[in-house]
Amino acid sequence: MRRDATARDRRGSSSDWEGTGALTVRVARGRSELASAYRLVYRRYLAKGYVRARPGGIVYQPRFGLGTSRTLVAIDPQQGVVGALTVVGDNPLGLQLEEICRREAEQLRGEGRHLAEVTCLSIDAAGRIPGKLVFLALTRFLFQHSYLRGYDDLLLAIHPRHYRVYWHAFRAFPIGPCREYGAVCGNPALCCRIDMHDLKANMTASMRQAYFENLRPEEDYDGPPVGRADHEEFCRMLEISSSIPGCDT
């Protein structure tokens with residue numbers, strides 16, 4: 001999301017949503033869509049200094065190959081994948097952002113909360129469809145997917161300059177101080193939480209309408225995890241081990 005987003009943008013008026021109909025948003029299907037998503041993340045992260053140049057030209061974590069993880073894509077019929085994010089459900093390895101907020105995540109688990117991490121949100125800045133609309137369409141799908149999978153909290157590591165967008169739109173609030181985050185080349189990050197049970201009540205009326213009305217059937221908000229062969233291929237591209245100790249892939 002752009003740093004200069006206005007308060008009007010964040011409210012998400014009904015006219016804002018008219019352009020999202022050109023997008024298909026779903027759980028990525030097959031290697032081609034997955035690879036397009038991970039390449040988009042790499043291009044955007046490289047441009048922002050969140051990753052260094054690496055073999056394979058993708059951003060991929062072994063956790064993405066877990067059965068609890070799903071990669072979501074926004075597809076423009078003319079340009080292909082123009083937006084992506086990955087949801088990593090809690091698992092025996094834990095969540096990557098616990099590098100900077102392990103104590104806070106453990107406290108939530110101790111309260112019996114079902115956690116998931118939202119990571120690698122990237123939008124094609126040169127896309128035909130404005131980035132704001134891609135963001136709205138992806139997050140609408142994300143929340144319905146998360147309700148379907150029973151998550152109590154979504155955790156995100158957010159660059160401080162983007163925090164106000166998430167606060168105004170979703171009341172995402174920090175659960176720890178700003179820290180240097182090794183996973184994004186030492187850039188600063190706030191570990192934030194979106195309480196899924198309070199999300200709807202905290203939205204403006206126009207946002208509630210946009211996010212919670214005219215929904216698709218529940219089964220449309222899920223899809224298959226990354227297949228084993230695809231997981232192994234992405235790990236091969238990055239020259240990393242495809243094994244995930246203590247976890248079923």
Side-chain angles (χ1 to χ4, degrees), residues 20 22-48 50-93 95-96 116-129 131 134-135 137-142 144-146 148-149 151 154 183-184 216-249:
T20 63
L23 292 167
T24 297
V25 183
R26 63 188 182 211
V27 174
R29 300 175 182 174
R31 187 174 302 179
S32 177
E33 287 185 6
L34 289 165
S36 293
Y38 303 142
R39 284 195 294 266
L40 172 61
V41 176
Y42 177 75
R43 293 195 304 271
R44 298 299 296 148
Y45 274 31
L46 188 64
K48 294 178 179 181
Y50 295 166
V51 297
R52 298 182 179 87
R54 59 176 63 172
I58 62 172
V59 170
Y60 182 81
Q61 305 171 20
R63 288 179 178 86
F64 292 3
L66 292 169
T68 57
S69 299
R70 299 291 188 277
T71 294
L72 312 185
V73 290
I75 301 170
D76 178 340
Q78 296 185 26
Q79 294 184 302
V81 174
V82 294
L85 63 82
T86 296
V87 189
V88 180
D90 214 354
N91 60 84
L93 283 182
L95 306 172
Q96 186 178 51
E117 178 179 0
V118 180
T119 186
C120 293
L121 170 61
S122 295
I123 294 169
D124 186 351
R128 180 178 66 95
I129 298 174
V134 180
F135 177 81
L138 269 175
T139 51
R140 173 184 164 102
F141 191 101
L142 165 68
Q144 299 310 316
H145 170 83
S146 299
L148 183 64
R149 296 188 70 81
Y151 296 133
L154 300 181
V184 289
R216 292 149 56 177
E218 280 192 355
E219 58 268 22
D220 287 359
Y221 291 102
D222 207 354
V226 175
R228 179 67 192 184
D230 297 330
H231 168 72
E232 291 179 348
E233 173 61 14
F234 296 136
C235 290
R236 184 199 64 76
M237 292 170 64
L238 291 173
E239 301 177 357
I240 61 176
S241 173
S242 63
S243 65
I244 310 177
C247 300
D248 294 329
T249 57

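For reference, positions follow the sequence shown, starting with 1.
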Checklist entry - Rounded to the nearest 0.5 Å, what separation is found between the CG atom of Leu85 and the CG atom of Leu138? => result 5.0 Å
Item to check | Val41 side chain near Val51 side chain, heavy-atom distance below 4.5 Å | outcome: no
Next on the checklist: Is any side-chain heavy atom of Arg29 closer than 4.5 Å to one of Val73?
Outcome noted: no
Checklist entry - Within a strict 4.5 Å, meaning less than it, do heavy atoms of the Asp90 and Leu95 side chains meet? => result yes
Checklist entry - With a 4.0 Å cut-off, would you call Arg228 and Glu232 a salt bridge? => result yes
Next on the checklist: As an exercise, state the distance from CD of Glu233 to CG of Leu34, rounded to the nearest 0.5 Å.
Outcome noted: 12.0 Å
Item to check | Pairwise distance OG1(Thr139) to CD(Gln144) - rounded to 0.5 angstrom | outcome: 10.5 Å
Item to check | Enclosure of Gln79 CD (heavy-atom neighbours >12, cutoff 6.0 Å) | outcome: yes
Next on the checklist: Can you tell me how far apart CG (Asn91) and CG (Leu66) are? Round to the nearest 0.5 Å.
Outcome noted: 5.0 Å
Checklist entry - If you take all heavy atoms of Pro62 and Ser241, which pair is closest and at what distance? => result CG-O, 4.3 Å
Next on the checklist: Any heavy-atom pair between the side chains of Met237 and Ile58 that's under 4.5 Å?
Outcome noted: yes
Checklist entry - Does a side-chain N-to-carboxylate-O contact under 4.0 Å join Arg63 and Glu117? => result no
Item to check | Plane angle bin for Tyr60 and His231 - parallel if under 30°, tilted between 30 and 60°, otherwise perpendicular | outcome: tilted
Checklist entry - Passes side-chain contact (heavy atoms from CB on, under 4.5 Å), Leu148 versus Glu219? Steps please. => result CA-CA 9 Å; Leu148 183 64; Glu219 58 268 22; over 6 Å; no
Checklist entry - Less than 4.5 Å apart, any side-chain heavy atom of Phe64 and any of Tyr38? => result yes
Item to check | Considering all heavy atoms, the nearest Ala84-Ala37 contact | outcome: CB-CB, 3.7 Å
Checklist outcome for this item: Value for CD (Gln96) from CD (Gln61), rounded to nearest 0.5 Å, stands at 3.5 Å
Checklist entry - If every non-hydrogen atom of Pro77 is compared with every non-hydrogen atom of Ala22, which pair is closest and at what distance? => result CD-O, 3.0 Å
Item to check | Minimum heavy-atom distance between Gly89 and Tyr151, given as atom pair plus value | outcome: CA-OH, 3.5 Å
Checklist entry - Under the 6.0 Å and 45° cation-pi test, does Arg216 pair with Tyr221? => result yes
Item to check | Value rounded to 0.5 Å, distance of CZ in Arg44 from OH in Tyr42 | outcome: 14.0 Å
Item to check | Closest heavy-atom pair and its distance - Tyr45, Ser122 | outcome: CE1-OG, 3.6 Å
Item to check | Student check: side-chain heavy atoms of Val118 and Leu142 closer than 4.5 Å | outcome: yes
Next on the checklist: Among Ile129, Leu23, Leu40, which residue satisfies the side-chain contact (heavy atoms from CB on, under 4.5 Å) criterion with Val82?
Outcome noted: Leu23
Checklist entry - Heavy-atom distance under 4.5 Å between the side chains of Val87 and Arg149, does that happen here? => result no
Checklist entry - Hey, is the main chain of Leu238 close enough, under 3.5 Å, to the side chain of Arg54 for a donor-acceptor pair? => result no
Item to check | Exam field: side chain Ser69 to backbone Gly65, donor-acceptor pair closer than 3.5 Å | outcome: no
Item to check | Heavy-atom side-chain contact between Leu72 and Val27 under 4.5 Å | outcome: yes
